[in-house]
S.K.: 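Below you will find the structure I want to go over with you.
Values reported hereafter were calculated over all heavy atoms of this structure, with side chains retained and with hydrogens, waters and symmetry mates removed. Within every chain, numbering begins at 1; the chains are lettered A, B, ... in the order of the sequence lines, protein sequences first and strands thereafter.
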There are 2 protein chains.
Amino acid sequence: MPKAKEEDFLPLRDSVYNKLRQAILTGEYPPGERLMEVHLGDKLGVSRTPIREAIRMLELEGLVTMIPRKGAMVSQITEKNMSDVLEVRRALDILCVQLACERITSDGMAELRRARDNFERAVATNDSRRIAQADVEFHNVIIRATGNDRLISLEDSLSLPMYRYRYEYIKDSSGHDNLVKEHRKIVNAIEKRNPEAAASEAGEHIDNQRRSIMRQIRLEREEETINALYGKRTIR
Amino acid sequence: MPKAKEEDFLPLRDSVYNKLRQAILTGEYPPGERLMEVHLGDKLGVSRTPIREAIRMLELEGLVTMIPRKGAMVSQITEKNMSDVLEVRRALDILCVQLACERITSDGMAELRRARDNFERAVATNDSRRIAQADVEFHNVIIRATGNDRLISLEDSLSLPMYRYRYEYIKDSSGHDNLVKEHRKIVNAIEKRNPEAAASEAGEHIDNQRRSIMRQIRLEREEETINALYGKRTIR
DNA sequence: TCCTATAACTTTGTATACATAAACGAACGG
DNA sequence: CCGTTCGTTTATGTATACAAAGTTATAGGA
């Protein structure tokens, strides 16, 4: 048989899931937006069945909220909610670097250095989009180095709610210098296989993220309040 | 209006989800068992639609594994798999007690003491089932005391794969004395709001669990191998 | 006898149809 | 003018129908 058909067949539900997820994360569907099955199916050119299954998955990830007999809506991002996620992520990020210290291979280490350098080059360009991407990749290298599949998928899940704030938090970090320094410190700690140092650096790293995300949320909420006062329609 | 209709309407998918989950956790559907939609629908008296949605949920929780165009099966419990889960749980359990130290209310503290005492009474009866239940409740009190909803639901998810081994690990703990002591130490640490001590005790607590679960898995695998040698049919 | 090809069957993937509850609105009455 | 009630509409919950892929079994030929 010819080796053709390299691409696996992807069920529509997964395709829909990816599309919806993307749309939610980029803000195309803002928090509070109702997700109506017929409408979505119409838009994506599929029937309700795959839509429903995709929504079930998004629901378990926390990205959408179901109200029985009422339907699905994009989950609200509350300060409490985000704070809860960050609290868990802090513990897991620390676990990640600790495990990476124990388990990273020389290949992984080389990859990590490349990711660090790539991040620094991205910072030099001052292109937020590129910086954000390099940042994510840097963290992914560490996460993968743990070799813990459950941890990998959890980190993925927990990074979703923060996705919308990445640009802000990158802009926020006083000229990116902090980010570069923090990344370097983390790499050094892992290189020396020093879990304590790595944990402490990773903790600081996410604490900084936390500060800037929380500030951002408060700003948004303030804006909303002002808009409400001026009678502008707000997202419910 | 009369206060009637206290019970909320529960969609079939959730009902199915609960039933399947229970069946998997109790071992009625052992790892490797295929979950066929028509068959399940027939058995539970519902159509395929709610079954499929329930399976999607179980899939994201990791309890079932999907093979495209082939169907769903109860996830295999591998040593690696369980080890990954325990590694994450260790970090989160520690986070739980640390947060509990900061945030537990006096009501919560009272509840925790009750749970501890109830556990000790259960141990006195030597009834594994009751001990397991009291143990779960004890941990739940701590988890709820964190006030972190995301953490609560994650702990729930991560405790599922271990569910089948609870009895073993309880029997294992050299006459339950260790468990009682460990619980006491954790309560004391939280009472004194000493996060370091609490973390260290919680770490030790789950390390013990890990040892006994891992031993149990190895035993099972050994048994399987022997059965295979004797030609007995094994679960695939 | 063994291999291959094909046909029947099983099971998932997807679409559609039907039932029911919630939301909206208009008409009616106070 | 306000509130209530009763249809109408809309969207979800559930069931079923149809399509396609995979599996198994069987028949035929080397």
Side-chain angles (χ1 to χ4, degrees), chain A residues 1-21 23-24 29-60 63-75 233 235-236, chain B residues 1-21 23-24 29 32-60 63-75 233 235-236:
Chain A
M1 86 194 88
K3 103 178 216 309
K5 193 180 182 178
E6 195 65 25
E7 274 310 309
D8 251 346
F9 175 74
L10 193 67
L12 282 185
R13 59 164 173 273
D14 293 316
S15 162
V16 170
Y17 168 76
N18 289 330
K19 284 204 182 77
L20 285 181
R21 193 168 130 137
I24 291 171
Y29 292 138
E33 178 100 345
R34 288 189 64 185
L35 299 175
M36 283 174 298
E37 299 165 2
V38 279
H39 176 246
L40 289 175
D42 208 48
K43 190 168 174 181
L44 300 177
V46 300
S47 80
R48 284 175 59 206
T49 310
I51 303 276
R52 284 178 69 83
E53 298 190 3
I55 287 178
R56 289 292 91 73
M57 298 194 275
L58 292 166
E59 184 191 359
L60 233 73
L63 247 52
V64 317
T65 306
M66 289 291 305
I67 302 169
R69 284 255 167 235
K70 180 114 190 297
M73 54 182 262
V74 179
S75 294
R233 186 169 153 266
I235 304 152
R236 313 188 333 121
Chain B
M1 86 193 85
K3 100 178 217 314
K5 194 180 183 177
E6 195 66 25
E7 275 309 310
D8 251 346
F9 175 75
L10 194 68
L12 281 185
R13 60 165 172 273
D14 293 316
S15 162
V16 170
Y17 168 77
N18 289 331
K19 283 204 183 80
L20 284 182
R21 191 168 131 138
I24 292 171
Y29 292 139
E33 179 100 344
R34 288 188 63 185
L35 300 175
M36 282 174 299
E37 298 166 3
V38 278
H39 177 247
L40 291 174
D42 209 48
K43 189 169 174 180
L44 300 177
V46 300
S47 80
R48 284 175 58 206
T49 310
I51 303 275
R52 285 178 68 83
E53 298 189 4
I55 287 179
R56 289 292 93 71
M57 298 195 274
L58 293 166
E59 184 191 358
L60 235 72
L63 246 52
V64 316
T65 305
M66 289 291 305
I67 302 170
R69 287 259 170 227
K70 180 114 189 297
M73 54 182 262
V74 179
S75 294
R233 188 169 150 264
I235 303 152
R236 316 187 332 122

S.K.: So if I define the base as every atom that isn't primed, P, OP1 or OP2, how would nucleotides 10-16 of chain D read as a B/S/- string at a heavy-atom cutoff under 4.0 Å?
M.R.: -SBBBBB
S.K.: So, using side chain to side chain contact (heavy atoms under 4.5 Å, CB included) as the criterion, who are the partners of B:Asp14 when residues are at least two apart?
M.R.: B:Leu10, B:Pro11, B:Met57
S.K.: For A:Leu63, enumerate each residue passing the side chain to side chain contact (heavy atoms under 4.5 Å, CB included) test, keeping only those at least two apart in sequence or located in another chain.
M.R.: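 Once residues adjacent in sequence are excluded, the partners of A:Leu63 under the side chain to side chain contact (heavy atoms under 4.5 Å, CB included) criterion are A:Arg21, A:Ile24, A:Leu25, A:Leu58, A:Leu160.
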S.K.: Salt bridge (Lys or Arg N to Asp or Glu O under 4.0 Å) with A:Glu37: which residues, sequence neighbours excluded?
M.R.: A:Arg48, A:Arg52
S.K.: Going by side chain to side chain contact (heavy atoms under 4.5 Å, CB included), name the residues that satisfy it together with A:Leu12, two or more places apart in sequence or in a different chain.
M.R.: A:Val46, A:Pro50
S.K.: With a cut-off of 3.5 Å and sequence neighbours excluded, list every side-chain donor-acceptor pair involving residues 64-71 of chain B.
M.R.:
{"unit_1": "B:Thr65", "atom_1": "OG1", "unit_2": "B:Ser75", "atom_2": "OG", "d": "2.8"}

